[in-house]
Amino acid sequence: MSVDIIEIALIAIALGCDAFAVGLGVGCRFYGPRQIFRLAFHFGLFQFLMPLFGWLSGRHVLAYTETWGPWIAFGLLIFIGGRMLREGLMPPEEETECRDPTRGFSLVMLSLATSIDALGVGFSLGVLNQNLFAVAVWIGITAAAMTWLAMKIGNRLSQKFAKRMEIIGGLILVAIAFKLLLA
């Protein structure tokens with residue numbers, strides 16, 4: 001059984017939706033060339049690597065991530081989304097500097113959180129004997145492009161709507177957290 005290019009594109013877009021939503025939320029508050037590059041690069045890299053890892057690891061890691069992965073992603077997204085909400089609701093004179101989620105441990109955890117679904121896709125495509133490397137490249141590039149676009153849109157919206165977009169960005173991250181937990 002073979003998966004055609006349109007199906008691969010749809011899979012890549014579906015997997016990139018979480019990266020897009022997180023990029024939109026992060027772009028509302030954090031927007032600079034380095035931040036855009038870091039988030040888009042890491043989301044693309046993790047979306048590329050996770051299907052390969054899913055194919056290699058088989059059922060053992062897949063069962064573990066199906067159990068604990070959503071909880072880890074939930075916790076991290078709630079933490080970052082909650083911070084953004086708090087910062088957006090603070091009066092301007094009480095604002096503190098919110099930690100940049102495009103750096104360090106937060107970046108790695110966000111990258112993992114948005115790419116956990118790709119493990120299952122990698123396992124499934126491996127079973128179908130697909131050219132998994134080419135599919136993984138397509139998925140990674142799509143996720144990176146969607147993240148870049150989302151950060152651009154998030155920044156534009158935050159320039160127009162200021163602190164309200166930071167609140168909306170935080171709400172988006174919290175909503176994704178609950179979606180991951182309930183899915």
(message) So, taking the atom named CD1 in Ile116 and the one named OG in Ser111, what distance separates them when rounded to the nearest 0.5 Å?
(response) 11.0 Å

(message) Please find the pair of heavy atoms, one from Leu107 and one from Thr102, that lie closest to each other, and give the distance.
(response) CD2-O, 3.4 Å

(request) Determine which pairs satisfy salt bridge (Lys or Arg N to Asp or Glu O under 4.0 Å) with at least one residue from residues 139-159, sequence neighbours left out, and list them in order. (result) none

(request) Apply side-chain contact (heavy atoms from CB on, under 4.5 Å) to Leu171 and list each qualifying residue two or more places apart in sequence or on a separate chain. (result) Leu85, Ile167

(request) Give every residue pair that meets the salt bridge (Lys or Arg N to Asp or Glu O under 4.0 Å) criterion with at least one member in residues 8-25, sequence neighbours excluded. (result) Asp18-Lys179

(message) Quick check: do Leu39 and Trp148 have side-chain heavy atoms less than 4.5 Å from each other?
(response) no

(message) Please give me the minimum heavy-atom distance between Ala12 and Thr142, naming the atom from each residue.
(response) CB-OG1, 3.5 Å

(request) Any chance you could measure Thr147, atom OG1, to Leu24, atom CG, to the nearest 0.5 Å? (result) 10.5 Å

(message) Ignoring hydrogens, what is the shortest heavy-atom contact between Ala143 and Ala19? Give both atom names and the distance.
(response) O-CB, 4.3 Å

(request) Could I get the full list of side-chain contact (heavy atoms from CB on, under 4.5 Å) partners for Ile141, not counting sequence neighbours? (result) Val137

(message) Is any side-chain heavy atom of Ile11 closer than 4.5 Å to one of Trp138?
(response) no

(message) Please enumerate all residues that pass side-chain contact (heavy atoms from CB on, under 4.5 Å) together with Ala21, with sequence neighbours excluded.
(response) Ile172, Ile176

Do any side-chain atoms of residues 40-49 form donor-acceptor pairs under 3.5 angstrom with protein atoms, and if so which ones, sequence neighbours left out?
unit_1, atom_1, unit_2, atom_2, d
His42, ND1, Arg38, O, 2.8
Gln47, NE2, Leu15, O, 3.2
Gln47, NE2, Thr114, O, 2.8

(request) Grab the two heavy atoms, one from Met146 and one from Phe20, that are nearest each other, plus how far apart they are. (result) O-CD1, 3.2 Å

(request) Supply the atom-to-atom distance Ile139 CD1 to Met50 CE, rounded to the nearest 0.5 angstrom. (result) 12.0 Å

